[in-house]
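In what follows, a single structure is set out as structure tokens and then discussed.
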Amino acid sequence: MKNKMAFLLLFLAAVGYSQNWKTDFSQATTEAIAQNKPIILVFSGSDWCAPCIKLDKTIWQSEVFKKYASTNYILQRADFPKKKQNQLPEELKKQNQSLAEKYNQEGIFPLVVVLDGKGKVLGKESYKNVTPEEYVDTLNSFLK
């Protein structure tokens, strides 16, 4: 019984701060408009881009970012994996390529684009070796 209770508490804690990264951009924009929240669109090479992996580990997986983002942002990931075993479904590849053509013409990885619900770019950032608090401050500076 104690093991079940401990598992339940850990599960609830994880769910409370879990991230809801969208992969469907139309769903992200719909939610952003409905909830009046900006979108964080992340262009990532999850299995080949060292700064992308570092950004994920140091910022996106931090408790500070998870907690803040859960109530203040809609999160959208546009991933471009290279390894065969990590390939995305064709429809998702096409959507991500279309997003890159519109928001990441320079081909920068990682690229973090803050958008309003209508898709207007509010600001762009890449990997920075800063604390999660400082990174959130940078993202929020685009909202002013």
Side-chain angles (χ1 to χ4, degrees), residues 4 6-144:
K4 286 182 182 178
F7 173 78
L8 181 61
L9 288 173
L10 284 173
F11 175 77
L12 291 174
V15 169
Y17 291 113
S18 67
Q19 292 168 304
N20 188 14
W21 287 96
K22 308 282 181 223
T23 55
D24 181 335
F25 190 66
S26 64
Q27 180 187 10
T29 56
T30 300
E31 286 185 29
I33 291 169
Q35 297 176 31
N36 195 29
K37 293 180 183 177
I39 298 168
I40 293 180
L41 170 58
V42 178
F43 291 93
S44 178
S46 63
D47 64 3
W48 59 270
C49 169
C52 299
I53 295 165
K54 202 168 195 178
L55 181 64
D56 184 58
K57 287 181 181 176
T58 61
I59 304 298
W60 308 145
Q61 291 183 29
S62 73
E63 292 306 313
V64 168
F65 181 80
K66 288 179 187 180
K67 185 175 180 182
Y68 188 80
S70 69
T71 57
N72 293 284
Y73 291 115
I74 302 298
L75 305 175
Q76 171 76 31
R77 189 178 311 262
D79 194 18
F80 293 82
K82 288 188 177 178
K83 293 181 181 174
K84 190 174 185 175
Q85 69 267 25
N86 298 333
Q87 290 304 299
L88 304 173
E90 202 56 42
E91 185 177 311
L92 190 52
K93 282 184 190 180
K94 287 179 183 176
Q95 175 200 252
N96 290 352
Q97 187 58 44
S98 175
L99 288 170
E101 289 169 8
K102 184 170 184 176
Y103 297 110
N104 190 6
Q105 294 175 351
E106 303 84 12
I108 298 169
F109 286 90
L111 181 65
V112 180
V113 184
V114 180
L115 307 164
D116 68 12
K118 295 180 181 176
K120 178 184 174 198
V121 175
L122 304 174
K124 293 183 178 186
E125 187 58 75
S126 190
Y127 172 75
K128 289 172 73 172
N129 188 18
V130 297
T131 67
E133 293 86 355
E134 291 170 312
Y135 207 87
V136 167
D137 288 345
T138 299
L139 297 176
N140 284 339
S141 73
F142 301 138
L143 306 178
K144 297 174 180 163

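Computed from a predicted structure; not experimentally measured.
Heavy atoms only, all atoms of each residue included: Ser70 and Lys37 are closest at O-NZ, 3.8 Å. In this structure, Asp116 and Lys120 approach most closely via the heavy-atom pair OD1-N, 2.8 Å. The two residues Ile59 and Val130 make their nearest non-hydrogen contact at CD1-O, 3.8 Å. When all heavy atoms are compared, the tightest approach of Leu99 to Ala78 is CD1-CB, 4.4 Å. The minimum heavy-atom distance between Gly117 and Ala32, with the atom names listed, is CA-CB, 3.8 Å. The shortest heavy-atom contact between Ser26 and Thr29 is O-OG1, 2.9 Å.
Of the options Tyr127, Phe142, Tyr68, Trp60, a ring pair (Phe, Tyr, Trp, His ring centres under 6.0 Å) to Tyr135 is made by Trp60 and by none of the others.
Rounding to the nearest 0.5 angstrom, the gap separating the CH2 atom in Trp21 from the CD1 atom in Ile40 is 6.5 Å. Distance OG1/Thr58 to CG/Leu55: 6.0 Å, rounded to 0.5 Å. Atom OG1 in Thr23 sits 8.0 Å away from atom CG in Asn96 (nearest 0.5 Å). Atom OG of residue Ser44 and atom CD1 of residue Ile53 lie 7.5 Å apart, to the nearest 0.5 angstrom. Interatomic distance, CD of Glu125 versus CD1 of Ile108, reported as 10.0 Å (0.5 Å rounding).
The backbone N or O of Ile74 lies less than 3.5 Å from no partner atom in the side chain of Gln35, so there is not a single donor-acceptor pair. Checked by atom type and distance alone, the side chain of Gln95 pairs as donor or acceptor with a backbone atom of Phe25 at under 3.5 Å. Judged by distance alone, the side chain of Trp48 and the main-chain N or O of Phe80 form a donor-acceptor pair under 3.5 Å.
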Subject >> Stepwise side chain to side chain contact (heavy atoms under 4.5 Å, CB included) check, Ile39 with Val114 >> reply: CA-CA 6 Å; Ile39 298 168; Val114 180; over 6 Å; no
**OP:** Let me see the working for Leu41 and Val112 under side chain to side chain contact (heavy atoms under 4.5 Å, CB included), right down to the final yes or no.
**Re:** CA-CA 6 Å; Leu41 170 58; Val112 180; over 6 Å; no
**OP:** Could you please spell out the steps behind the side chain to side chain contact (heavy atoms under 4.5 Å, CB included) verdict for Asn20 and Lys22?
**Re:** CA-CA 6 Å; Asn20 188 14; Lys22 308 282 181 223; 2.7 Å; yes
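Listed by first and then second residue, the side-chain hydrogen bond (donor to acceptor under 3.5 Å, both in side chains) pairs involving residues 97-114 amount to none (not counting sequence neighbours). Applying the side-chain hydrogen bond (donor to acceptor under 3.5 Å, both in side chains) test to every pair with at least one member in residues 71-94, sequence neighbours left out, gives these pairs: Ser46-Asp79, Asp47-Asn86, Tyr73-Asn140, Gln87-Lys93.
Ser126 places none of its side-chain heavy atoms less than 4.5 Å from the side chain of Pro51. Contact check for Pro38 versus Leu115: no side-chain heavy atoms found under the 4.5 Å cut-off.
Ring geometry for Phe43 against Phe109 counts as perpendicular: the plane angle is over 60°, on a 0 to 90° scale with 30° as the lower cut.
With respect to Glu134 and Lys128, no salt bridge is recorded, no charged nitrogen being found less than 4.0 Å from a carboxylate O.
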